[in-house]
Amino acid sequence: MWHFLGLCWRDLWRNRRRTLLVGFVMVFAVSIMILFIGMGTGAHNLMIRSATDSFLGHAQIQRTGYLEEPDLEHQIPAEDLARLEAILPSEERIVGWAPRIVTGGLISKKHPDPTDENDLEAYRQMLSEGALLVGVQPVQERKVSILAEALVDDDPHGRCLRGCKAALAEIYAPTNSCHELCTGVSTEFGGEACLVLGEKTCTGRCDPEDEFCAEEDCTERFADYCEGARFLLDEDPTAATPNRSEIVLGSTLARVLGAGVGDRVALTSGTSQGRPFASLYKVVGLVKTGSTEINRTFSLTYYDKLAAGLELPGAASFVVLAVDDPDAASSIAASLNKKLATQAPETVALGWAELSPEMDIFVKIDQGSMLVMLGLLVAIIGVILANIVTMSVMERTREYGVRLAVGESHRRIVIGLIVEIALLALTFSLIGAAIGEAGNFYFASHPIDFGMGEFETTGVIIETKYPTVPTLYGFLFSVGTVVFFAVAGALYPAWRVRKLRPVDALRFV
Amino acid sequence: MRMMVAMVGLMAVVCLNECPLRAQPTELQLGAAEAEKVIDDMEERMRGKASVGEMEMYIKRWDRTMRMKFWELYPDKSLVRLTAPAEDAGMGSLKLGKDLWSYNPKIDQVQKIPPSLMLDSWMGSDFTNDDISRSSSIKLDYTIEPGAGTTYNGVESWRVTLRPKPDSPVVWEKLVVEVARDDYRPLRQEYYDEKGSLARIMYFEDYRESKSGKPYPYKWRMENRQDKDRYTEMRIISMEFKETLPKKTFTIRSLKRGR
């Protein structure tokens with residue numbers, strides 16, 4: 001057999017130009033298909049990631065009815081959450097999970113009162129916004145979302161300016177010296193140097209006769225701005241103060257409120273028992289994600305304190321899950337539901353497709369259009385390739401006539417012909433695959449930029465910079481397609497060879 | 001009580017099939033001009049130049065009772081301050097024109113209610129911020145349609161439909177007000193949402209003479225018709241109509257510090 005294969009291989013290279021020309025088409029076809037599939041897979045993954053990694057998660061466990069009525073009456077009770085915490089670590093396909101508690105409220109930047117409390121215009125200019133307050137456990141949250149990584153870069157100069165103005169406003173001092181004070185602030189602005197600048201800013205501002213002017217208030221306020229932007233800490237540093245905490249704001253919400261790192265914001269809402277809930281927060285960071293909703297309405301704080309404040313200690317609005325394969329999120333949720341049915345029957349696990357049906361439809365439409373385009377690509381490649389192979393084999397009719405004339409059997413020639421084409425297709429397909437996969441690996445780290453910026457769908461911003469993804473199915477499908485059409489192209493000439501007479505073959509032009 | 005008077009302008013009453021004393025339409029018809037006069041008389045009857053009082057608000061959903069003082073100056077100023085329960089005492093709302101502020105002493109913060117939250121619940125009740133901040137005259141935002149005679153709980157009444165004017169910033173598809181024919185006191189008011197479904201009903205009950213001698217509803221009950229177990233009842237404990245109130249009553253300082 002190896003001898004026969006060797007003969008076929010040698011036969012291929014007797015006409016090197018013809019073989020290389022056909023081979024080039026095969027290399028081109030395979031590499032293009034692999035790149036196309038890699039790009040399609042990359043776009044598919046990017047869409048799902050854009051929707052799930054910011055906030056949604058690959059799946060969620062909710063109390064039944066929460067999806068329809070996401071309010072404080074549809075929370076996972078503390079005892080059910082404790083059961084879930086016992087179940088989830090044993091689930092192999094769940095790689096991370098995090099409880100969250102969510103409520104809506106009214107958020108506004110905390111201003112010192114205007115000098116004149118009857119200055120209605122100042123109060124009319126106050127900005128308040130509806131916001132979603134989300135309690136997270138920072139350690140767990142990092143396993144299920146990119147929120148902690150979506151931090152907006154620190155702006156030391158802006159922080160210094162805000163700190164100076166806020167501090168001076170505490171003692172109703174003019175703030176026109178702030179620009180000068182903050183000139184030359186370095187990227188390392190913070191710590192002792194910042195505190196010293198605070199002292200310098202506030203000292204000597206109060207009239208000694210004015211008992212209501214306290215320079216300590218001013219320096220304390222300035223100190224709030226002496227820490228660079230960060231995400232919530234693993235432990236709440238203000239755990240002992242029930243109406244004060246730290247908060248991370250969505251970047252657009254912060255811009256609308258005119259708030260930045262170091263500023264204080266006030267949030268009012270209602271507890272699960274209908275009582276008023278109010279808390280002051282220090283802004284420690286801003287996040288900018290691919291979701292306009294998060295950027296516009298979200299504010300993140302510590303789960304434990306928020307849950308207690310809402311009179312729901314230990315409860316959660318939902319538990320976010322990260323799974324090993326986002327495409328399989330719905331089936332993983334379905335299998336988890338079998339356990340939940342007995343251990344926490346009032347809860348339900350839902351994959352991202354159930355949580356965001358609009359995104360699911362969008363992804364399916366995108367997938368469908370990619371399949372149609374792939375089908376067209378395969379059809380074009382198939383027709384061209386089959387034609388080229390047919391012509392290249394037909395061209396060898398006189399050669400087959402000579403071989404028949406010297407006594408070689410029809411069967412041996414037909415088998416040899418097909419094996420030669422299969423060898424040719426396989427060899428050049430593998431070369432094409434190597435080129436295609438190399439391209440895939442390159443574009444995985446250097447995403448293809450279609451130069452169209454970004455677009456928004458179902459509240460999620462999707463960039464038109466697609467990283468490609470090397471896949472096994474892309475490789476197998478492309479190589480298989482080329483080998484299939486090459487062999488298919490050889491079938492007609494092979495069928496003719498079966499009945500070929502040497503005398504006819506020698507007359508073939 | 002101007003705030004409540006303001007609400008009267010908007011509030012209507014209805015009875016659905018399950019209501020034992022359902023309103024019975026009669027042959028009597030009311031032209032548009034007459035209907036407008038009925039609404040004017042109703043508003044005139046409910047409003048004074050100013051009012052001061054104290055009331056209790058019971059919220060069924062939370063089984064919670066709050067006590068509050070109120071000051072109102074026609075046409076568009078009001079101040080409400082919670083006095084009980086103790087943990088919420090000092091909270092309040094101030095309405096000046098179309099602007100509404102709330103104050104929470106726990107964080108010593110005045111917050112202006114933005115337009116996007118006007119439909120949110122006011123203090124956890126079945127009243128919305130919109131109910132509280134809306135203009136005190138219903139005619140500013142609604143067109144009055146011809147009405148019809150009917151009876152409600154044995155009282156002969158006029159049933160008048162009001163539809164929002166084209167550019168009015170209102171959320172209801174229509175209001176239906178039912179007014180007693182004899183003295184134009186409001187009996188109930190229905191609120192229909194954009195789908196035309198009955199969303200809420202306000203009942204005006206327990207008419208008594210106020211200190212100024214004017215009969216006034218001492219119980220206002222707002223029922224949420226889309227969630228049958230929810231209603232909010234405002235019971236007036238004391239109420240006095242006045243000629244005027246000092247302007248300084250309606251300032252941020254008053255909201256924060258009391259009067």
Side-chain angles (χ1 to χ4, degrees), chain A residues 69 71-73 103-132 170 241-245 247 253 256-258 263-282 296-297 309-311, chain B residues 57-66 77 82 85-94 96-126 129 226-227 229-230 232 247-257:
Chain A
E69 288 181 74
D71 54 30
L72 292 179
E73 288 173 66
T103 190
L106 178 65
I107 193 167
S108 54
K109 188 176 170 184
K110 171 81 174 163
H111 294 277
D113 288 324
T115 321
D116 176 7
E117 281 193 344
N118 294 320
D119 179 5
L120 262 183
E121 208 40 49
Y123 285 99
R124 283 206 167 100
Q125 299 304 321
M126 276 184 168
L127 285 171
S128 302
E129 284 292 317
L132 218 53
E170 286 286 331
T241 50
N243 292 105
R244 285 179 189 265
S245 193
I247 204 165
L253 177 63
V256 170
L257 292 174
D263 285 334
R264 290 178 192 164
V265 292
L267 195 133
T268 51
S269 182
T271 72
S272 61
Q273 304 305 309
R275 279 184 272 271
F277 166 79
S279 191
L280 278 182
Y281 296 93
K282 178 185 158 189
R296 181 69 182 78
T297 61
L310 297 174
E311 300 187 84
Chain B
M57 183 164 79
Y58 172 72
I59 307 167
K60 168 72 167 54
R61 184 184 184 194
W62 310 114
D63 189 22
R64 187 158 179 261
T65 303
M66 291 184 280
K77 291 186 175 70
L82 257 68
E87 68 265 25
D88 298 331
M91 284 179 62
S93 294
L94 172 70
L96 293 174
K98 291 277 182 191
D99 295 318
L100 183 67
W101 291 270
S102 67
Y103 174 69
N104 191 314
K106 278 183 189 159
I107 54 169
D108 186 26
Q109 176 77 0
V110 175
Q111 288 183 301
K112 190 177 171 203
I113 310 294
S116 59
L117 294 188
M118 276 300 171
L119 279 187
D120 272 26
S121 162
W122 180 67
M123 296 202 179
S125 71
D126 292 286
N129 292 319
Q226 286 161 353
D227 188 341
D229 287 330
R230 284 174 53 171
T232 296
K247 278 192 179 173
K248 66 177 184 185
T249 308
F250 305 100
T251 60
I252 299 289
R253 184 188 294 269
S254 297
L255 174 66
K256 291 179 68 175
R257 294 177 192 167

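All chains are named by letter (A, B, ...) in the order of the sequence lines, taking the proteins before the strands, and each is independently numbered beginning at 1.
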J.: Quick one: what part of B/M66 sits under 4.5 Å from any heavy atom of chain A, side chain, backbone, both or neither?
T.: neither
J.: Taking B/P114's backbone N and O only, do any of them form a donor-acceptor pair with A/S128's side chain (distance below 3.5 Å, no angle check)?
T.: no
J.: Step by step, would you call B/Q109 with A/R264 a side-chain contact (heavy atoms from CB on, under 4.5 Å)?
T.: CA-CA 11 Å; B/Q109 176 77 0; A/R264 290 178 192 164; over 6 Å; no
J.: List the atom of B/W62, the atom of A/E73, and the distance in Å for their closest heavy-atom pair.
T.: CH2-OE2, 4.3 Å
J.: Please check if the side chain of A/K110 supplies one atom and the backbone of B/I107 the other of a donor-acceptor pair under 3.5 Å.
T.: yes
J.: B/K106: which residues meet the salt bridge (charged side-chain N to carboxylate O under 4.0 Å, His left out) condition with it, sequence neighbours left out?
T.: none
J.: Using non-hydrogen atoms only, which part of A/R244 is less than 4.5 Å away from chain B: side chain, backbone, both, or neither?
T.: neither
J.: Contact part of A/L127 toward chain B, heavy-atom cut-off under 4.5 Å: side chain, backbone, both or neither?
T.: neither
J.: Does a side-chain N-to-carboxylate-O contact under 4.0 Å join A/R124 and B/D99?
T.: yes
J.: With side-chain contact (heavy atoms from CB on, under 4.5 Å) as the test, would you mind laying out the steps for B/D108 and A/L280 before giving the verdict?
T.: CA-CA 9 Å; B/D108 186 26; A/L280 278 182; over 6 Å; no
J.: With chain A as the partner, which of B/D120, B/I113, B/L117, B/I59 has the greatest number of non-hydrogen pairs under 4.5 Å?
T.: B/L117
J.: With rounding to the nearest 0.5 angstrom, report the CE to CZ distance, B/M123 to A/R275.
T.: 15.5 Å
